[in-house]
> 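Can you keep this structure in mind? I'll have questions shortly.
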Amino acid sequence: MSNGVSTSTDKIIVDRSRSHRNKAVSKAVRATRERLQSSAKGNQIFDRDMLAMHVNAVLQSASIMPLFIVLVTAIGVYLNPDTGLFAWALLMLSVHAINVLLARRASRKEITAIETRKWRNRLLAAQVLVGFGWALFSFQSCNTCAGDSYYFYKGAVLLFAISITAMSGFMLRLGVLFGFLPMIAALLATAILSRHVLDIGLTAICAVAVVFFHYIADRLYRSNLTLMSYQSEKDDLIAELEVAKSMSDEARRRAEEANLAKSRFLASMSHELRTPLNAILGFSEVMNSEVLGPLANPTYREYAGDIHRSGQHLLNLINEILDLSRIEAGRYELSEEALSLLEIAEDCIGMVQLRARAKNITIREQFEQQLPQVWADEKALRQVLLNLLSNAVKFTPQGGEITVKVGWTAGGGQYMAIKDNGPGIPEDEIPVVLSAFGQGSITIKSAEQGTGLGLPIVQAILAKHDGQFILRSKLREGTEAIAILPATRVLQSVPAVADAPAVERRRRSFA
């Protein structure tokens, strides 16, 4: 069984075993986008969710309404000992039971988008039945009660009933308005028939309360709708981010495997490439030097020299590619030791001095004396400085000047800087020059074109030393390349220990 992990050591193709992980997320993102974009009324897409929330609210508050009905019945019987209230209470409890059973049935069934309107109408009908029960309660009267106490009792009960229904069922839109329309109609009919001031006042108060609580319930409904919309957008964004992250991980893994395969290929081909090149270089040098005798045609000697220069250029290119590949593959091991940057700089300047004199270029030294040694790889730092000096000599015009600086940095480290007065590099081309095989416009126009690997190798070697490479250049003002080693690489000298009396050697005692 595949576990989604690549088992091939030299695989250069995408691992398809992980594709199934993204299908569900991608499908959910597409479905949500189509649902949000295809709906003419964006709020209707959450009707099913709001209906489910209303069903849960009805089931969770199923015990509140029976307790309220029992309390109302007890107070009513205390004020008016009439058996009619018991019949009303039994009817209300039955209607409430129907409402709860309907909600429980809806919770157990998977309501589709097509069935949402049908179930919403059923729940609204259940609310209307509850409203008829409260309409019957509004017809209750008390002939034996003293004063107008029964009106206040009835009005308080109806207001509490409206508020409880509004707070528990606001997720069912128009539930408050449809549920208490029968009660308002009953109170209005009673007020018209009796023309009593208290009946008219009770009708007005209940009507205003129904309108007010309908407004509050509608505002709460819209607020929940907005929150659900924000939640849906957040979920979509998270899903998109997961898809994008998965795609980027897959692309990065593919790039890493391709890079590793390239590095392994180059490392394995190093022997096959260098062996014939050494033969070409050796034989062409023998022919150019006429070691075995003069060549009859001088053109052949020129051809041998061209072959030798071309082979040397190709060998340098292969060496640079292999160095960069080893660094990228993590196989570039540092052979660290204590060394002096001043000595390395002097040796490297001596190596390029002949080429500089051929172009009448002056190399000036600005060294800070008595610099402590650093802990680094001597061969790697020589390669860094030689690459930078070679670039400076290559692009500095006839009669130019190169300045080599070695000294302290502000952070306690040491640096090597090479500055020339050549044509410079446009600022927008510096990232191109620092990339592998990248060449600026000046390099392309120059007769001495390189491989474009010198500066990337310098960057990689300094990164292996936890250092930093800075390239500063302006067009027609020259270029300055700075190689920095951190303070952790500097070996500080320890002062001599003051003279102290020798510690006597302890004698061993054996039991």
> Should the ring pair Phe137 and Tyr153 be called parallel, tilted or perpendicular, given that the plane angle runs from 0 to 90° and is split at 30 and 60?
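If you compare the ring of Phe137 with that of Tyr153, the planes turn out perpendicular.
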
> Side-chain contact, heavy-atom cut-off 4.5 Å: Asp199 with Leu193?
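No - every pair of side-chain heavy atoms lies 4.5 Å or more apart.
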
> So, Gln414 side chain and Pro372 main chain: donor-acceptor pair closer than 3.5 Å or not?
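Yes; judged by distance alone, with no hydrogens or angles, the pair exists.
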
> Name the residue from Ile482, Ile484, Leu462 that meets the side chain to side chain contact (heavy atoms under 4.5 Å, CB included) definition with Phe469.
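Going through Ile482, Ile484, Leu462 one by one, the side chain to side chain contact (heavy atoms under 4.5 Å, CB included) with Phe469 is satisfied by Leu462 alone.
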
> Hey, are the side chains of Asn99 and Gln127 touching, using non-hydrogen atoms and a 4.5 Å cut-off?
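Sidechains of Gln127 and Asn99: in contact.
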
> Are the side chains of Ile457 and Val384 in touch, meaning some heavy atoms are under 4.5 Å apart?
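Ile457 does not reach Val384 side chain to side chain.
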
> Can you find a heavy atom in the side chain of Lys379 that is under 4.5 Å from one in the side chain of Ser335?
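The answer is no, as the side chains (C-beta and beyond) never meet within the 4.5 Å cut-off.
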
> Does the Lys474 side chain pair with the main chain of Gly424, one donor and one acceptor, at a distance under 3.5 Å?
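The answer is no, because no donor-acceptor pair under 3.5 Å joins these two groups.
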
> Measure the shortest side-chain to side-chain distance between Phe180 and Leu158 over non-hydrogen atoms and say whether it is less than 4.5 angstrom.
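No; the side chains remain at least 4.5 Å from each other.
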
> Considering only heavy atoms from C-beta outward, does the side chain of Leu341 approach that of Leu485 to under 4.5 Å?
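Leu341 vs Leu485: side chains touch.
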
> Between Asn56 and Ala52 (side chain of the first, backbone of the second, donor and acceptor by atom type, cut-off under 3.5 Å), is there such a pair?
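At least one qualifying donor-acceptor pair exists.
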
> If only atom types and distance count, is the side chain of Ser473 paired as donor or acceptor with the main-chain N or O of Gly478 below 3.5 Å?
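Checking the backbone N and O of Gly478 against the side chain of Ser473, a donor-acceptor pair under 3.5 Å is found.
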
> For the pair Thr203 (side chain) and Leu187 (backbone), establish whether a donor and an acceptor sit closer than 3.5 Å, ignoring hydrogens and angles.
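Indeed, once roles are kept as given, a pair shorter than 3.5 Å links the two residues.
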
> Any non-hydrogen side-chain atom of Val374 less than 4.5 Å from a side-chain atom of Leu491?
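Not in contact.
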
> Please round to the nearest 0.5 Å and tell me the distance separating atom CZ of Phe68 and atom OG1 of Thr73.
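With rounding to 0.5 Å, CZ (Phe68) is 9.5 Å from OG1 (Thr73).
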
> Does a side-chain N-to-carboxylate-O contact under 4.0 Å join Arg253 and Glu257?
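A salt bridge links Arg253 with Glu257.
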
> Keeping Asp218 on the side-chain end and His214 on the backbone end, is there a donor-acceptor pair under 3.5 Å?
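Between the backbone of His214 and the side chain of Asp218 there is no qualifying donor-acceptor contact (under 3.5 Å).
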
> Just verifying a value: how many Å separate Ile162 CD1 and Met183 CE, rounded to the nearest 0.5 Å?
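Those atoms lie 4.0 Å apart.
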
> Between the main-chain N or O of Asp377 and the side-chain N or O of His465, is there a donor-acceptor pair closer than 3.5 Å?
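Judged by distance alone, yes, a pair lies under 3.5 Å.
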
> Keeping the roles fixed (side chain from Ser248, backbone from Lys245), state whether a donor-acceptor pair exists under 3.5 Å.
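Checking the backbone N and O of Lys245 against the side chain of Ser248, a donor-acceptor pair under 3.5 Å is found.
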
> Does some side-chain heavy atom of Val490 sit less than 4.5 Å from a side-chain heavy atom of Leu371?
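SC-SC contact between Leu371 and Val490 ruled out.
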
